[in-house]
Amino acid sequence: MASIERPRPPAGVHTPGRAAIPARHLRTDRWWLAPTVTVVVLTAFVVYSTWRAFANADYYAAPYVSPFYSPCLASDCVPMRGGADLAVFGPWWGISPALIVLIFPLGFRLTCYYYRKAYYRGFWSAPPACAVAEPHARYTGETRLPLVLQNVHRYFFYFALAFAVILSYDAALGFRDPAGHWGHMGLGTLVLLANIALIWAYTLSCHSCRHIVGGRLKHFSRHPVRYRMWTWVSRLNAHHMALAWASLVGVAVADLYVYLVASGAFADPRFF
Amino acid sequence: MSYTGHFRVWRGDAEGGELKDFEVEVNEGEVVLDVIHRLQATQAHDLAVRWNCKAGKCGSCSAEVNGRPRLMCMTRMSVFAEDETVTVTPMRAFPVLRDLVTDVSFNYAKAREIPSFVPPPGLAPGEYRMAQQDVGRSQEFRKCIECFLCQDTCHVVRDHEENKPDFAGPRFLMRIAELDMHPLDAAAETGLDRARTAQDVHGLGYCNITKCCTEVCPEQIHITDNALIPMKERTADRKYDPLVWLGDRIFRRDK
Ligand code: SF4
Ligand code: SF4
Ligand code: FES
Ligand code: FES
């Protein structure tokens, strides 16, 4: 991908007084690869999850529930034996129950420090890559509305903890057979377990979590337990990017699996 | 094991200049700075280049090699193919003085704007005692060699000259983090809230955590993950999180 030279008033790297180099950047490596992959994968996920969230069908195949539809808070949810379906919203809620709850995981990921980096670079080209000039005439970062709202990330983290608990419960229910008897395990159980493991790892590796458990302290030596927790979360946090992608794929795969079983395309292989 | 390498080196000053082509001998084990020195010795005697240690510790030889901000003395020639043209330019975020030398005084001005360490009352120098757990975080930041490659790469000022008055840059926001995490810094007792002023005075909000500072840091300091994001969280405690604000008032915690 060649750099596009556009006539623009001298600004940025073309500010008078800086080294006069016409090119917007001189990088020769494939710097455009990472932002392109980001855009492709995130777009694919958004398209898939939008379709599934509005579909309002094939989200429960006893004993498995799709992570997009749990907790299911509308009265028209398909009955889930022992599952998290609570008729908080009455029959007046005419559309997909997924739309009630998805705002929370969506907000968590939208305000996540890692995803912010990914979409600022990939979708907004601010900057497209390091030392590659961005196309914007003005830039104020996260200093004003709406982007200053990214600072609410910690509240989404608290909700994310609650969701992780609910999805753990869903995964545990995967050990019951469709009739509700314990002592069952199918491929779906494994899929839900893998999904919830990745969700926990992603959630606990969050930068806000790292701050809350101990990062905000000035004196670790006076809080040995929180220091231990901070050290542990810091270790996870170093992999936050990988966990962000892995858990994104995990959620989509878990939903797809439930969809395939619920729609009858596939029968859940049973181990015992 | 020598070959003739192709180089494009920026020559000029604040009035103007251009990339000039050179053919220079390259020997096994050399770094870009070696080649620049050979170029200076054999073909371009008046080529201006700043350097000191040739060991990646003085932070003088910062430049951009094939468009990437790097230390010339730490960029091995072996990372380039023999037939590849290697382009060397001065840092592109700062005013150029001549050839590869830029005026980095922006960084010194920013350094002076950061309030320095506030000595703890009642402790004479020499009486300071600190636990290793408490200084571990700041120690990482003290590896900084002040090469200013992070400042050069940060798009907030590289691409927006107009932001320079409002933005301290990653190196100095990290300095704020270092002091805010310092176990003996007594700024808070004197009424200086480092987390709040990081946002209000030094422009932390301009940073959109896209991590280019971390990518180019020759000391591999995790500037974004360990300094900037923790500072953003501390700022959120002060400015954007009513619950934490209330809790701090009621319980007087976090000491
Ligand atoms: S992470 Fe922030 S400070 Fe570092 S280069 Fe990016 S915008 Fe600048
Ligand atoms: S933080 Fe790293 S890149 Fe920035 S000035 Fe220090 S050593 Fe250089
Ligand atoms: S979830 Fe990514 S930083 Fe919190
Ligand atoms: S010459 Fe000292 S860092 Fe390169």
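The figures that follow rest on heavy atoms only: side chains count, while hydrogens, waters and symmetry mates do not.
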Taking all heavy atoms of [X] and all of [Y], pick out the closest pair and write down the distance.
X: A/Pro127; Y: B/Cys212; value: CG-SG, 4.1 Å
X: B/Asp180; Y: A/Lys218; value: O-NZ, 2.9 Å
X: A/Ser221; Y: B/Asp134; value: OG-OD2, 2.6 Å
X: B/His160; Y: A/Arg138; value: CE1-C, 3.7 Å
X: A/Thr28; Y: B/Glu84; value: OG1-OE2, 4.3 Å
X: B/Pro69; Y: A/Ala131; value: CD-CB, 3.8 Å

Look at atom CD1 of A/Ile103 and say whether more than 12 heavy atoms of other residues, nucleotides or ligands are closer to it than 6.0 Å.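 Result for CD1/A/Ile103: open.
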Would one find more than 12 heavy atoms of other residues, nucleotides or ligands at under 6.0 Å from atom NE2 of B/His6?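 Atom NE2 in B/His6 is packed in, count exceeds 12.
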How long is the straight-line distance from [atom2] of [Y] back to [atom1] of [X], given to the nearest 0.5 Å?
X: A/His25; Y: B/Asn66; atom1: NE2; atom2: CG; result: 11.5 Å
X: A/Met241; Y: B/Lys211; atom1: CE; atom2: NZ; result: 7.5 Å
X: A/Leu217; Y: B/Arg137; atom1: CG; atom2: CZ; result: 7.5 Å
X: B/Leu149; Y: A/Cys130; atom1: CG; atom2: SG; result: 12.0 Å

Who wins among A/Arg144, A/His207, A/Arg116, A/His240 for the most heavy-atom pairs under 4.5 Å with chain B?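 Of the options given, most contacts go to A/His207.
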[X], part contacting chain A, at a heavy-atom distance under 4.5 Å:
X: B/Asp99; value: neither
X: B/Val157; value: backbone
X: B/Ala131; value: side chain
X: B/Asp241; value: both
X: B/Cys213; value: neither
X: B/Pro90; value: side chain
X: B/Tyr206; value: both

Does this structure show an ion pair linking [X] with [Y], if we count only N-O contacts that are shorter than 4.0 Å?
X: A/Arg121; Y: B/Glu215; result: yes
X: A/Asp29; Y: B/Arg68; result: yes
X: A/Arg210; Y: B/Glu233; result: no

Would you check if the side chain of A/Arg18 reaches a backbone N or O of B/Arg92 as a donor-acceptor pair within less than 3.5 Å?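 Yes.
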Would you say the side chain of [Y] lies within less than 4.5 Å of the side chain of [X], judging by non-hydrogen atoms?
X: A/Glu134; Y: B/His155; result: yes
X: B/Thr89; Y: A/Leu26; result: yes
X: A/Glu142; Y: B/Lys232; result: yes
X: B/Gln199; Y: A/Thr143; result: no
X: B/Arg158; Y: A/Val13; result: yes

Between B/Asp237 and A/His211, does any side-chain donor sit less than 3.5 Å from a side-chain acceptor?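 Side chains of B/Asp237 and A/His211: pair found under 3.5 Å.
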Is it true that the side chains of B/Gln133 and A/His219 contain a donor and an acceptor less than 3.5 Å apart?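 There is no such pair (donor and acceptor under 3.5 Å, judged by atom type) between the side chains of B/Gln133 and A/His219.
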[options]: which one forms the most heavy-atom pairs within less than 4.5 Å of chain A?
options: B/Cys154, B/Ala236, B/Ala14; result: B/Ala236
options: B/Thr235, B/Asp225, B/Thr85, B/Asp103; result: B/Asp225
options: B/Val156, B/Asp166, B/Thr87; result: B/Val156
options: B/Val96, B/Ile209, B/Asn208; result: B/Asn208
options: B/His182, B/Glu15, B/Glu18; result: B/His182

At under 4.5 Å between heavy atoms, what parts of residues 145-168 of chain A are in contact with chain B? List them by residue number.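 So the qualifying residues are A/Val148, A/Asn151, A/Arg154, A/Tyr155.
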Under a 4.5 Å heavy-atom cut-off, does chain B meet the side chain of [X], its backbone, both or neither?
X: A/Thr15; answer: side chain
X: A/Tyr139; answer: both
X: A/Ala126; answer: both
X: A/Trp124; answer: neither

